[in-house]
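Report on one structure; see the data block that follows.
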Amino acid sequence: MGALSAAGAARFGVASVTPALIAEIRAKRYARARGAKSHLALAGLSLQVAPGEFVTLVGPSGCGKTTFLNIVAGLDRDFDGGIHLAPHPAGRPARVGYVFQEPRLLPWRTVHENIALVLPPDRAATVINDMLTAVGLSRAQDLYPRQLSVGMSRRVAIARAFAIEPDLLLMDEPFVSLDHDTVEELRDLLLKLWHARPTTVLFVTHDMREALVLADRLVLLSGAPGRVLADVPVSLARNRRHSGADIELLRDEILRRHRELIGAAAAAPPVE
Amino acid sequence: MSVAATAQRASSWVAASSLAQRIGSIALLIAVWQVAADAINSRLLPSASSVFVVLEQECVHGPLLFNLGITLARVAAAFVAAMVVGTAIGIVMGRSRTIDALFDSWLVLLLNLPALVIIVLAYVWFGLTEAAAIGAVAVNKIPNTAVTLREGARALDRSYSDMAASFDVSRWRTLRHVIMPQLYPYVFAAARSGLALVWKIVLIVELLGRSNGVGFEIQLYFQQFDVTRILAYSISFMVVIQLIEWALFQPLERRASAWRR
């Protein structure tokens, strides 16, 4: 790989502010069993995210969204392209928080210990207290993950990601397979945390309604190999997004406007 | 709350009754032994009571405790060496395909090498020294530990390591909090079978090339056909090993798996 050079970054143009994230993936392939052709997961996925911006990536399942997040997180370095994370204003490298599809809490460590794992020891106790209070779990500190409900585990995973004061927060369908009420609750919690602790967010989902409730900007991805189909700012005021009707209207409009694109790209599963 | 209390009472009752069963089973064995010894009435099968009398005498007046201590020290040294080296080899082989492919046959070879051969070669090459004795015992156990831990390392859940990596958790912290807890069940399995194997081989090592310890004493009494003392030594040693298992291994294992309950 190799980080994009300053010139490479400038080529993207816009920049009145330095983007928090510049990603340009020319190609990401997965090797298959001997003999078979490799699988092309991403092809030409370019994306810029401004500092403090909440961007959702929307695309059908299997379009490489998780692959993309793993590349941005630095977990997957085997790709053709570059990722540039703007350093923290204080000069240290950018910190990345990641909320995975499953909570990924260590089952053999308590809630407290799970969050402490990602923090420097000297500040851990205070930060953990604050975070757990913020997600309403201050009394669950000493529980093991298997003693938590599904919703509580997700809260801990979110608390862990915010605890490190991330410069970039990656979220990979964190509310998938939860019941409706829990999802609403967690979305409200996420927005509350994000307002109190502003950071750049890259949120992946296949659910356009969810994307519209949360995001400043929607990036629509094609089916595999994933690439950007459309970039849609969400202008609907945040205080009006609680109304299902407004979201529904907006969703219909986007689907209508981009039907051709989406229809042509996703032969099989349409974007919901 | 009351359900939990009831469950706890029930489980402690189960534990108590299984302890009673165990004691009953051992008592039965001693009774059978006593009856058989009385019936045969030979010097070669001393009665249980005479063995326990000798055991007490040897403990108080004889060198039994001294020899037991020496042997236990050797067991401890060989056991620790075998666990540390075997675990390290196992983890490396479980994580790296190349190294695994390179050394797998060595492991198979070592697994199939008779303990006696390793001991004899160690004494021949390195002399009748303490280091050769302990090293030979450790080498007998290392391949077994390595194979067990290799299984553990192969079964490591990648998603946890990825989590740690994405949050920039240091290598040491990852090893301690993410990797090792996944390996504990394998470590305990290796430790249990390891203790059983190591103490048996230590006796052979002592018999062949040391001038003290339980193995050396047993050889001495073998030459005198003193079955009573052979049995007294064996029983005291078996009791100590069981105590280690019961007072050290089991509580440690319970602690490491507390999160499962």
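Chain identifiers are assigned alphabetically (A, B, ...) following the order of the sequence lines, protein sequences preceding nucleic acid strands; residue numbering begins at 1 within each chain. Computed from heavy atoms alone, side chains included, the values below leave out hydrogens, waters and symmetry copies. Everything numeric here is computed off the predicted structure, so don't read it as measured data.
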Above 12 or not: heavy atoms from other molecules or residues under 6.0 Å from [atom1] of [X]?
X        : atom1 : answer
B:Arg192 : CZ    : yes
B:Arg97  : CZ    : no
B:Arg176 : CZ    : no

Sort [X] into side chain, backbone, both or neither according to what part of it lies under 4.5 angstrom from a heavy atom of chain B.
X        : result
A:Leu117 : both
A:Tyr98  : both
A:Leu119 : backbone
A:Pro93  : neither
A:Ala163 : neither
A:Arg109 : side chain

Just wondering, do [Y] and [X] contact through their side chains at under 4.5 Å, heavy atoms?
X        : Y        : result
B:Tyr160 : A:Pro107 : yes
A:Phe100 : B:Ser159 : no
B:Met163 : A:Leu105 : no

- request: Quick one: pull up OG in B:Ser166 and CZ in A:Arg95 and give me the separation to the nearest 0.5 Å.
  value: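 Reported value, rounded in 0.5 Å steps: 13.5 Å.
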field: Value rounded to 0.5 Å, distance of CG in A:Leu106 from CH2 in B:Trp259
entry: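 The distance works out to 10.0 Å.
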field: Where A:Ile164 and B:Phe167 come nearest, the two heavy atoms and their spacing
entry: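 Heavy atoms only, the tightest pair is CD1-CD2, 3.8 Å.
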- prompt: Of all heavy-atom pairs between A:Pro120 and B:Arg173, which one has the smallest distance, and what is that distance?
  reply: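 Result for this residue pair: C-NH2, 4.5 Å.
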Between A:Gln147, A:Glu113, A:Arg160, the one whose heavy-atom pairs under 4.5 Å with chain B are most numerous: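 It is A:Arg160.
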- request: Output the option from A:Val118, A:Leu75, A:Asn114 having the highest count of non-hydrogen pairs under 4.5 Å with chain B.
  value: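 Among the listed options, the one with the most contacts to chain B is A:Leu75.
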field: Check: B:His177 main-chain N/O paired with A:Trp108 side-chain donor or acceptor under 3.5 Å
entry: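 Here the side-chain-to-backbone pair exists.
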- prompt: Can you check whether B:Arg260's main-chain N or O pairs, donor with acceptor, with A:Arg146's side chain at less than 3.5 Å?
  reply: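 Yes, A:Arg146 side chain to B:Arg260 backbone: donor-acceptor pair under 3.5 Å.
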task: Under 4.5 Å heavy-atom distance to chain A, tell me which part of B:Asp168 shows up: side chain, backbone, both or neither.
output: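 B:Asp168 has no heavy atom closer than 4.5 Å to chain A.
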